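Just follow the structure's listing: the first ligand is 1, and inside any ligand the first atom is 1. No experiment lies behind these values; they were computed from the predicted model shown.
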Amino acid sequence: MRFVQQRHRPPQQLQRPRELLVACCPLRSNVNLSRIVRAAGVCGVPRVICCGTARVIQRIARDGAETVELEVHRSLPPVLKRLREQGYQIVGLEQTDRSECLYQFRFQRRTVLVLGNERQGIPEEVCRWLDRAVEIPVYGLPYSHNVATAAAIAMYEYCRQFPLG
Ligand code: SAH
C-alpha cells in the first residue's frame, strides 16, 4: 500500500459559517500578514482585520488573498469594542502574566483572535480590550514564535475545537 498524494482536494465543508476572526496589531512585515491570511483562508476564517499600511502579497497568501476579506483600520480598539458588542470574545494571543495555556483553553465559537506586533507584542492600549489571553507553551529559545506561526497554531486549535464551524 502506498500513500497517494491528493493535490487540490476540495476543502471540508463547514456546517455553519466560521465565527472566528483574526485581528492584527500593526505588523512590521507584510510577509507575516500574508502568511496569516493564507492560514486564515485554510481555516475558513472569513475576515482578517489589520492596521496601517497592511498589504497582502498574493504569492504568499495564495487563494487566501481572494477568499479572506481584509479589513484595514487605523487602530484596533474601536473595532474590538464594536465586535465585543456583537458578542465576540476578544482573545489575545500573547505571553502575559495572566495568560491561559492554549492546551487547556476552551474557545468560544464567536472569537476574535488578536495578534501582536513582531517586536512589541500586543500593546497596552489593545491589552485593555482583551477578555482573555492565551499563550502557547515555549520549550526552548527564542522566547516566542513568529507571529504567523503562533497564529496558525492558535487557529489550528480553534478548528480542532470547532471542526465543522
Ligand atoms: N512579545 C514577544 C514579541 C512578540 S512575538 C517578545 O517577547 O519579544 C509576536 C506575536 O506572536 C505576539 O505578540 C503574539 O501574538 C504571538 N506569539 C508568539 N509566540 C507566542 C506564544 N508563545 N504564545 C502566544 N502568542 C505568541
Taking the side chain as C-beta and beyond, is there a heavy-atom pair between [X] and [Y] under 4.5 Å?
X: V147; Y: L93; result: no
X: N146; Y: R35; result: yes
X: E94; Y: V134; result: no

Would you mind checking if E85 and R82 are paired as a salt bridge, meaning a charged N to carboxylate O distance below 4.0 Å?
no

Ion pair R47/E71, N-O distance below 4.0 Å:
yes

Minimum non-hydrogen distance to [atom], winning option of [options]:
atom: atom 8 (O) of ligand 1; options: R28, Q120, R119, H145; answer: R119
atom: atom 9 (C) of ligand 1; options: N32, N117, V126; answer: N117
atom: atom 24 (C) of ligand 1; options: I136, V138, T149; answer: I136
atom: atom 2 (C) of ligand 1; options: S144, C101, G92; answer: S144

How far is [atom] from the closest protein heavy atom, and which atom is that?
atom: atom 11 (O) of ligand 1; result: V147 CA, 3.5 Å
atom: atom 15 (O) of ligand 1; result: L93 O, 2.5 Å
atom: atom 13 (O) of ligand 1; result: E94 OE2, 2.7 Å
atom: atom 17 (N) of ligand 1; result: A150 CB, 3.5 Å
atom: atom 7 (O) of ligand 1; result: Q95 OE1, 4.5 Å
atom: atom 3 (C) of ligand 1; result: E118 O, 3.5 Å

In terms of heavy-atom contacts, does CZ of R110 have more than 12 from other residues, nucleotides or ligands at under 6.0 Å?
yes

First locate atom CE of M155, then atom CZ of R18, and finally report the distance between them rounded to the nearest 0.5 Å.
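Result: 11.0 Å between the selected atoms.
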
Between F107 and F105, what is the ring plane arrangement, given parallel below 30°, perpendicular above 60°, and tilted in between?
perpendicular

Does the protein place any heavy atom closer than 4.0 Å to atom 19 (N) of ligand 1?
yes

